[in-house]
Amino acid sequence: MHEPVTALIVAAGSGSRSGQTLPKQFLSIGGKAVLAHAVDALAAHPAISEIIVVIGAGQEALLRTAIGDRKLGSVVIGGATRRDSVLNGLTATTGRRVLIHDAARPFLPAAVTDRLLAALDHAPGAVPILPVADTLAHAGDSLGATVPRDGVARVQTPQAFRTEAIRQAHAAWDAAREATDDAQVARAAGFTISTVEGSPLLDKLTYPSDFVAAERRLAADLVSRTALGFDVHSFAEGDGIWLGGIRIPHHRALAGHSDADVALHALTDALLGTIGDGDIGTHFPPTDPQWRGAASHRFLTYAADKIAERGGRIDHVDLTIVCEEPKVGPHRDAIRARIAELLGLQEAKISIKATTTERLGFTGRREGIAAQAAATVRLPEGNI
Ligand code: MG
């Protein structure tokens, strides 16, 4: 059975039990939006041919920020209730099978998807469930009667359906009633819903403590990477240089295809090195006229964006500028502040050092400036 499968992610909620101002699907965990985690998990599954995201009206800009340049089959605007949102998504669904998923469950093991799709071979619907481990009881101001756990399960998403069956079930559902999930709608229409083993990883993020726990789980999967960068530019005629993202008046300039900011070039190479993604020349070839005179902060932020796209974060950068002139000391704070601004980091994570080579070598002869940099980042293990 290799029928196309649509993943329908419901991300239209505006609730904020998470204690944050943004709807929880747009909050960031591990440097990536909760919704983007869900999109990536589904996109990585080979059976899934289409991803549809349902957002609330007016959430378009939040979606763009959350998912960056990830490819979606379509973006659908949801309705007043979750069920309306699902209905709108089902209208856009092209797959013959559909996985309806809540964006607030960012960690979806591929094995659960495998089990759900396998179950659809024998039933019109399937849901992941987990047993209830705790004692269940009615509760208010005081404890009420215990609810027997036998035969009770926690129902998760994604919930998998043959598309025609779930469309038919939603059409038959009394529009005045809200449904807790799609399996309830399908069962009400008489469809048998199979169960498969769910996963604790699929627990919904709801409260602030859920986000703290999710962040910790992701941090445990982060791998630290350190890389170095090095660059040299020679002096030429001119009246100032770009160094570390700032303009320093000088009786000479630095020669180069771009603005020749030797410090930012070394730093850019260090950042690219942490993700093993070539060097500055790979991405901005000096043979390409569009980079003539280019401001080097573009190269630096490009490298930082590449790290962010992989869910990585920059822990620390360390830059050493080697020259006899100009004196770097008076500009150190400005360079540090500028690099912190460009990388979106606190200044405490930026180290700027300067040295001479005791008049030895090309820097000692005042023929040019050299810079070396080190960068330390943490990356999700799966994205290295
Ligand atoms: Mg260079």
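Every number for a ligand or one of its atoms is a count from 1 in the order of the listing. Quick note: residue numbers are just sequence positions, from 1. The model shown is predicted, which means the values in this text are computed figures rather than measured ones.
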- Inspect the contact between Asp102 and Arg82 and indicate whether a charged nitrogen and a carboxylate oxygen are less than 4.0 angstrom apart. yes
- Query: Should Arg359 and Glu367 count as an ion pair when the cut-off is N to O under 4.0 Å?
  - Reply: no
- Would you say the side chain of Ser351 lies within less than 4.5 Å of the side chain of His316, judging by non-hydrogen atoms? yes
- Message: Using modelled atom types and a 3.5 Å cut-off, is there a donor and acceptor pairing between side-chain atoms of Ser296 and backbone atoms of Phe299?
- Response: no
- Task: Before accepting this row, confirm whether a basic side-chain N of the pair Lys24/Asp210 lies closer than 4.0 Å to the acidic partner's carboxylate O.
- Result: no
For residues 237-247, which side-chain N or O atoms pair as donor and acceptor with protein atoms under 3.5 Å away, sequence neighbours left out?
{"unit_1": "Asp239", "atom_1": "OD1", "unit_2": "Arg247", "atom_2": "NH2", "d": "3.2"}

- Message: Less than 2.8 Å away from the Mg ion (ligand 1), how many protein N/O/S atoms can be counted, ignoring water?
- Response: 3
